[in-house]
Amino acid sequence: MDRVKLLGCEIDTYTFDGAVEKGLELIGEDKVSQVVTINPEMIDCAGADVNFAEILKNAEMVIPDGVGVKIGLKILGYNVERIAGIDFAKKLIEKCSEKNLPVALIGAKPEIVSQACEKLKEEYPSLNIVYSHDGYFKEDDEVLNELKNSGARLVLVALGSPKQEFFINKARNILPFGLMVGVGGSFDVWSGNVERAPEIFQKLGIEWLYRTVTQPERFKRIFPTLPLFVLKVVKEKFFG
Ligand code: UDP
């Protein structure tokens with residue numbers, strides 16, 4: 001596995017299975033590890049905020065979630081597999097239920113996170129969810145202490161980016177162990193409140209296109225980002 005650089009951010013080039021294997025290895029270690037599922041908006045954010053850039057640099061795994069990252073790396077000559085964060089996280093949940101490893105979910109609205117837990121328990125009856133909390137808390141320390149006492153080995157954090165990455169970074173100094181993954185809007189999907197794009201869109205890596213068309217408010221946020229991001233990569237490639 002290599003780390004490649006895209007607009008100043010280092011990104012890991014795992015296959016999906018390789019990423020899951022690495023994730024499981026980190027879950028078993030006696031230290032906290034951070035997984036960042038990176039997209040063009042986050043790369044832009046790292047360019048503007050040194051603290052965020054430092055978090056990305058120190059993350060044990062940075063996996064290319066957005067199709068924009070895949071396109072950017074392709075322009076630089078790297079052919080990497082896009083790993084959707086939501087699929088990666090779900091696979092880890094499945095593995096944790098098989099191995100009876102304790103799991104925690106933090107983020108989203110209160111009813112969403114509890115519905116997501118219920119649905120996951122239906123799908124994986126032996127899943128051991130030891131802690132869950134919504135994502136609208138004021139005191140990080142309170143949640144982090146409860147999380148510490150829970151003994152979770154896999155912690156999924158759905159606060160949106162960059163909030164979830166900062167929260168996970170803080171947890172590094174408090175928890176004794178655990179693999180912590182920023183999962184964005186995944187709980188909304190698992191709770192059954194937000195539909196994923198049809199499989200054909202997922203397979204073609206154009207889930208973003210489906211979401212942009214069906215949720216016009218995302219269009220404003222995402223549309224200028226992607227072409228501008230591609231332009232920046234082209235500029236870096238040819239003009240340094
Ligand atoms: N969210 C949260 N606390 C906050 C802000 C957002 O728990 O203070 C949740 C929100 O409810 C949603 C998730 O973060 O479930 C991700 O939001 P979004 O879809 O904007 O993130 P993205 O996947 O685009 O990074």
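One-based numbering, in listed order, for ligands and for the atoms of each. For clarity, every value in this text was computed on a predicted model and none was experimentally measured.
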TODO: Measure from atom 21 (O) of ligand 1 to every heavy atom in Gly135, Ala158, Ser186, Gly160 and give the option owning the shortest one.
DONE: Gly160
Open item on the list: Could you identify the single nearest non-hydrogen protein atom to atom 5 (C) of ligand 1 and state the distance to 0.1 Å?
Closed with: Leu159 O, 3.5 Å
- [ ] Using a 4.5 Å cut-off on heavy atoms from C-beta on, say whether the side chain of Leu226 contacts that of Pro40.
- [x] yes
TODO: Enter the distance from Leu101:CG to Ile93:CD1 here, rounded to the nearest 0.5 Å.
DONE: 12.0 Å
Open item on the list: Students should be able to answer this: which protein heavy-atom is nearest to atom 1 (N) of ligand 1, and at what distance?
Closed with: Tyr136 OH, 3.3 Å
Task: Whether Phe166 and Phe52 hold their rings parallel, tilted or perpendicular, with breakpoints at 30° and 60° - done: tilted
Open item on the list: Salt bridge or not between Lys170 and Asp141? Use side-chain N to carboxylate O under 4.0 Å.
Closed with: yes
Open item on the list: I need the minimum non-hydrogen distance between Leu105 and Ala116, along with the two atoms involved.
Closed with: CD2-CB, 4.4 Å
TODO: Quick one: look at Gln164 and ligand 1, take heavy-atom pairs under 4.0 Å, and tell me if it's side chain, backbone, both or neither.
DONE: neither
- [ ] May I ask you to say whether Lys232 pairs ionically with Asp44, meaning some side-chain N is under 4.0 Å from a carboxylate O?
- [x] yes
- [ ] Could you list the atoms of ligand 1 found under 4.0 angstrom from a heavy atom of Ser161?
- [x] 25 (O)
Task: Within-cutoff protein neighbour (heavy atom, under 4.0 Å) for atom 18 (P) of ligand 1 - done: no
TODO: May I ask whether Phe187 places a heavy atom under 4.0 Å from ligand 1?
DONE: no
Open item on the list: Which residue and atom name correspond to the protein heavy atom nearest atom 20 (O) of ligand 1, and how close is it?
Closed with: Arg221 NH1, 3.8 Å
Task: Nearest candidate to atom 13 (C) of ligand 1, where distance is taken over non-hydrogen atoms, out of Gly107, Gly184, Ala108, Ala116 - done: Gly184
Task: Geometric class of the His133/Phe137 ring pair [parallel <30°, tilted 30-60°, perpendicular >60°] - done: perpendicular
Open item on the list: Within ligand 1, which atoms have a heavy atom of Lys163 less than 4.0 Å away?
Closed with: 4 (C), 8 (O)
Open item on the list: Return the CH2 to SG distance between Trp190 and Cys117, rounded to the nearest 0.5 Å.
Closed with: 10.0 Å
TODO: Report the nearest protein non-hydrogen atom to atom 23 (O) of ligand 1: residue, atom name, distance rounded to 0.1 Å.
DONE: Gly185 N, 3.1 Å
Open item on the list: Please classify the Asp188 to ligand 1 contact at 4.0 Å (heavy-atom distances, strictly less than): side chain, backbone, both or neither.
Closed with: side chain
